[in-house]
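First comes the structure, then the notes that go with it.
Just the heavy atoms: all of them, side chains too, but no hydrogens, waters or symmetry mates, feed the values below. Order of the sequence lines sets the chain letters (A, B, ...), proteins ahead of strands, with each chain counted from 1.
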There are 2 protein chains.
Amino acid sequence: MTKKMGADALPLNTILAGDCIEMMNSLPEASVDLIFADPPYNLQLRGDLHRPDNSRVDAVDDAWDQFASFEVYDRFTSAWLKAARRLLKPNGAIWVIGSYHNIFRVGTALQNEGYWILNDVVWRKANPMPNFRGKRFTNAHETMIWASKEEGAKYTFNYEALKSLNEGVQMRSDWVLPICNGHERLKDDSGEKAHPTQKPESLLHRVLVGSTNPGDVVLDPFFGTGTTGAVAKMLGREFIGIERDEGYRKVAEKRIANVRKFDRDALQVSASKRAEPRIPFGQLVERGMLRPGEQLYSMNMRHKAKVRADGTLVGGDVKGSIHQVGAALEGAPSCNGWTYWCIRRDGKTVPIDIFRQQIRAEMAERPI
Amino acid sequence: MTKKMGADALPLNTILAGDCIEMMNSLPEASVDLIFADPPYNLQLRGDLHRPDNSRVDAVDDAWDQFASFEVYDRFTSAWLKAARRLLKPNGAIWVIGSYHNIFRVGTALQNEGYWILNDVVWRKANPMPNFRGKRFTNAHETMIWASKEEGAKYTFNYEALKSLNEGVQMRSDWVLPICNGHERLKDDSGEKAHPTQKPESLLHRVLVGSTNPGDVVLDPFFGTGTTGAVAKMLGREFIGIERDEGYRKVAEKRIANVRKFDRDALQVSASKRAEPRIPFGQLVERGMLRPGEQLYSMNMRHKAKVRADGTLVGGDVKGSIHQVGAALEGAPSCNGWTYWCIRRDGKTVPIDIFRQQIRAEMAERPI
DNA sequence: AACCACCATGAATCGCTGT
DNA sequence: TACAGCGATTCATGGTGGT
């Protein structure tokens with residue numbers, strides 16, 4: 001790892017050991033092009049959580065995620081954001097990632113410190129952890145805030161590169177990417193995950209391609225196991241990491257040493273598989289294409305069923321999905337409800353599948 | 001529109017004219033089940049925005065949407081959230097929708113006022129307006145925050161209904177729904193859109209099916225053209241709207257008058273098993289479905305236990321309920337004995353839960 | 001080699017009711 | 001109000017080990 005330290009020179013491609021606020025304040029002002037920050041989320045978890053198979057969820061219970069109150073968290077957030085802003089060049093920018101536990105505090109602090117929000121970007125996880133108790137929505141996304149140093153500042157935005165990454169369509173504010181697992185997930189010597197919240201390289205790839213140029217200096221004040229540094233090196237950007245945990249630093253050093261610049265595989269990971277879009281029948285009801293209470297008729301006209309507000313059917317004394325009710329009424333092991341159930345429109349009998357085709361056609365015009 | 005006003009009675013299915021904070025404070029406390037709020041966005045657009053072909057984009061530039069500073073906006077936000085919280089029943093909940101311009105302030109204020117965030121939900125727009133200048137990401141989503149009145153409060157969550165709406169997979173925190181246009185988009189007399197930020201009915205359908213029950217009272221303090229009221233009426237919920245703009249109120253009145261409520265049985269929604277009547281295991285023994293001394297086998301066939309006359313089990317040297325013995329033998333923190341224990345019938349292995357289902361079916365025919 | 005069954009796991013603010 | 005007992009609850013992915 002190169003270490004250039006001189007009067008006003010930056011410690012490029014180095015991981016600095018220590019508290020991020022102190023370390024940032026020791027660096028020269030207006031010297032960094034981009035900051036990517038993944039601060040503690042302040043999760044406030046209570047007891048243990050078990051999966052339905054009784055295995056225990058390995059939660060984030062590390063000391064670095066514990067704060068006494070919102071007030072303490074807010075002070076911490078404002079302090080590191082202030083130090084970060086001092087480091088940014090006038091046309092620099094910042095990305096911060098978080099979840100609903102902390103991201104509203106972070107966004108407020110960003111605005112209060114004078115940053116100018118450019119977009120919030122949603123990372124839609126292709127494979128999130130489910131909600132095991134069925135008490136809330138699956139927590140399937142995290143939020144990133146992208147902001148410039150101040151209102152009116154110029155900032156780097158590689159519009160065409162992002163468009164290319166997105167199959168020729170303008171990049172949107174929601175990114176579907178898988179979470180970090182498999183071989184990319186770093187393990188410690190005992191085979192356990194080295195860091196509880198390692199971010200996928202595909203995410204950083206899109207951030208750095210979109211908002212930096214080759215040779216730019218990228219700083220990450222919560223470096224962890226160094227995803228930002230690894231991707232920066234691949235893409236020919238300079239990085240500075242700050243991390244106070246020695247274990248994480250060691251893993252990151254080793255990881256980054258093994259990275260080759262311009263690794264083409266990185267481009268491959270960034271695109272998540274796009275499956276044939278699945279249209280839930282319930283969406284026809286939500287979108288008003290079918291009305292709750294409306295009659296459906298079986299293709300052979302032998303059976304009827306009524307649509308309910310939650311997208312299930314009632315036919316005779318059978319309740320369930322369009323497929324379940326069709327199968328039950330026909331005494332068949334399975335049934336494709338989309339082609340089995342029909343509606344009457346203008347005296348004609350039409351399968352409900354026409355609505356699904358309509359939605360798919362809309363989606364094809366403007367892909368996911 | 002019905003108007004029932006009395007001592008402590010609620011003005012159900014009415015649009016109240018006036019300032020939302022004053023009007024909320026005039027209503028009785030702890031009287032509302034759900035609040036849905038779409039507050040002004042504080043967009044701070046500088047000058048007009050033009051498409052590449054120079055046609056003007058009709059941005060949100062109404063006077064009510066301008067705020068002098070974040071401080072003023074924060075005061076306003078805290079004030080209406082406080083008034084709203086007073087109105088909520090102890091087990092009530094709130095939804096607030098916004099974009100990056102205001103949602104971070106709103107989320108922070110929610111937490112500061114004592115609400116407890118349950119999820120943030122991203123409305124992923126299927127057909128957003130592109131970013132014409134190519135200087136940022138297409139702003140393709142809005143954020144909703146769902147919160148209960150305080151930590152530990154119960155709240156309504158129709159898990160099974162939402163799962164049905166989503167083709168049998170639990171509902172995630174990212175919802176893909178189209179924006180409101182076409183016939184659903186209300187026009188004023190001159191053919192212009194009646195409201196700049198009319199929300200789609202599909203969005204409210206999912207919110208109300210998921211977090212209210214029929215007959216619940218839903219309040220919308222920024223009623224606009226009344227999407228909340230229209231969908232509440234369809235779904236057999238009661239609404240209260242507050243709107244200070246007379247033009248919006250008139251459009252909303254007319255709109256809601258034309259809405260038909262769905263059939264009562266169409267509003268029945270897939271129920272959770274938690275709502276089913278509780279059957280003591282001992283009843284199976286009393287009714288002779290299982291005989292004292294009969295052998296039960298664990299689902300994985302690794303353990304056996306014997307039924308006793310009082311409805312407890314003996315397995316190895318463990319005695320207790322079907323759940324306790326199952327948990328002890330598996331070394332698990334808990335166990336559902338109904339699905340864990342099986343009997344042999346005609347060479348097949350069947351969970352004892354079939355007996356419970358049988359009893360429940362009898363009870364449905366002849367309710368107690 | 002190809003395929004399949006099985007298992008492990010991921011930033012999680014994850015009960016309710018009767019005594 | 002604290003405590004104990006009942007019993008409800010998961011999706012996508014990737015690795016491993018066997019046929």
Side-chain angles (χ1 to χ4, degrees), chain A residues 38-62 64-67 70 97-103 123 125-143 178-185 187 191-193 195-200 222 224 272-273 275, chain B residues 111 115-120 146-148 150-155 157 159-160 163 166 168-173 272-276 278-282 300 311-312 320-324 326-327 332-341 352-353 356:
Chain A
D38 182 11
Y41 286 11
N42 186 23
L43 284 187
Q44 306 179 57
L45 304 178
R46 304 301 187 214
D48 274 356
L49 179 65
H50 291 89
R51 299 186 180 81
D53 66 3
N54 274 322
S55 62
R56 189 177 151 276
V57 173
D58 183 16
V60 179
D61 52 4
D62 306 69
W64 50 254
D65 198 48
Q66 309 297 324
F67 293 82
F70 282 133
I97 184 167
S99 67
Y100 68 84
H101 311 84
N102 72 322
I103 199 65
W123 169 27
K125 300 182 185 184
N127 47 349
M129 185 162 72
N131 185 289
F132 295 116
R133 308 301 295 263
K135 300 304 293 180
R136 301 183 178 194
F137 297 97
T138 308
N139 212 338
H141 74 276
E142 290 186 29
T143 301
I179 61 175
C180 179
N181 57 12
H183 291 299
E184 191 187 321
R185 188 84 193 206
K187 305 288 195 292
E192 300 293 307
K193 59 188 176 194
H195 194 282
T197 70
Q198 187 184 338
K199 296 291 174 287
F222 307 96
S272 82
K273 286 169 230 164
Chain B
Q111 292 179 315
Y115 291 94
W116 190 248
I117 298 183
L118 299 167
N119 276 114
D120 61 336
W146 176 42
S148 63
E150 62 188 332
E151 182 180 1
K154 276 182 232 167
Y155 51 87
F157 184 60
Y159 177 75
E160 291 293 341
K163 194 170 168 177
N166 198 32
V169 181
Q170 73 176 203
M171 189 69 82
R172 304 171 29 127
S173 60
S272 162
K273 282 183 197 161
R274 280 182 253 254
E276 304 249 30
R278 191 173 280 204
I279 312 291
F281 174 72
N300 54 26
T312 58
S321 73
I322 52 173
H323 316 292
Q324 288 167 337
S334 71
C335 171
N336 183 345
W338 290 105
T339 50
Y340 179 75
W341 293 109
I352 58 173
D353 198 41
R356 184 171 63 160

For this session: State whether B:H323 places a side-chain N or O below 4.0 Å from either non-bridging phosphate oxygen (OP1 or OP2) of D:dG7.
Result: yes
For this session: Could you give me the stems involving DNA chain C, meaning stretches of three or more consecutive Watson-Crick or G-U wobble pairs whose two defining distances are both below 3.5 Å?
Result: C:2-10 with D:11-19, C:15-19 with D:2-6
Problem set entry | Between B:W146 and B:F157, ring centroids under 6.0 Å | yes
Exercise. Going by modelled atom types, is there a donor-acceptor pair between the base of C:dT17 and the side chain of B:R278 at under 3.5 Å?
Worked result: no
For this session: Taking only the side-chain nitrogens and oxygens of A:K125, find out if one of them lies under 4.0 Å from OP1 or OP2 of D:dA12.
Result: no
Exercise. Is D:dT9 in the syn or the anti form, by the rule that syn lies within 90° of 0?
Worked result: anti
Exercise. Does any N or O donor sit under 3.5 Å from an N or O acceptor when you compare the side chain of A:R185 with the base of D:dG15?
Worked result: no
Seminar exercise, completed: Heavy-atom nearest pair, A:L43 first then A:S99, reads CD2-OG, 4.3 Å
Exercise. Think B:Y115 has a side-chain N or O under 4.0 angstrom from the OP1 or OP2 of C:dT13?
Worked result: no
For this session: Please check the phosphate of C:dC14 (OP1 and OP2 only) for any side-chain N or O of B:R274 closer than 4.0 Å.
Result: no
Seminar exercise, completed: Hits for side chain to side chain donor-acceptor pair (under 3.5 Å) against A:T143, two or more places apart or cross-chain, chain-then-number order -> none
Exercise. Do A:F132 and the base of C:dC14 stack face to face, with centres under 5.5 Å apart and an angle between planes under 30°?
Worked result: no
For this session: Let me know, please, whether A:R133 or B:V169 comes out on the 5' side of the other along DNA chain D by nearest nucleotide.
Result: A:R133
For this session: Taking only the side-chain nitrogens and oxygens of A:H183, find out if one of them lies under 4.0 Å from OP1 or OP2 of D:dG14.
Result: no
For this session: Give a yes/no answer on whether the side chain of B:S321 brings an N or O atom under 4.0 Å of OP1 or OP2 in D:dC6.
Result: yes
For this session: Answer with base, sugar-phosphate or nothing: what part of the nucleic acid does B:Y159 contact at a heavy-atom distance below 4.0 Å?
Result: sugar-phosphate
For this session: Measure distances between side-chain N and O atoms of B:S334 and base N and O atoms of D:dA8, and say whether any donor-acceptor pair falls under 3.5 Å.
Result: yes
Exercise. Just checking B:R356: base, sugar-phosphate only, or nothing, at a heavy-atom cut-off of under 4.0 Å?
Worked result: sugar-phosphate
Exercise. On a plain distance test, is the side chain of A:K199 in donor-acceptor contact with the base of C:dA11 below 3.5 Å?
Worked result: yes
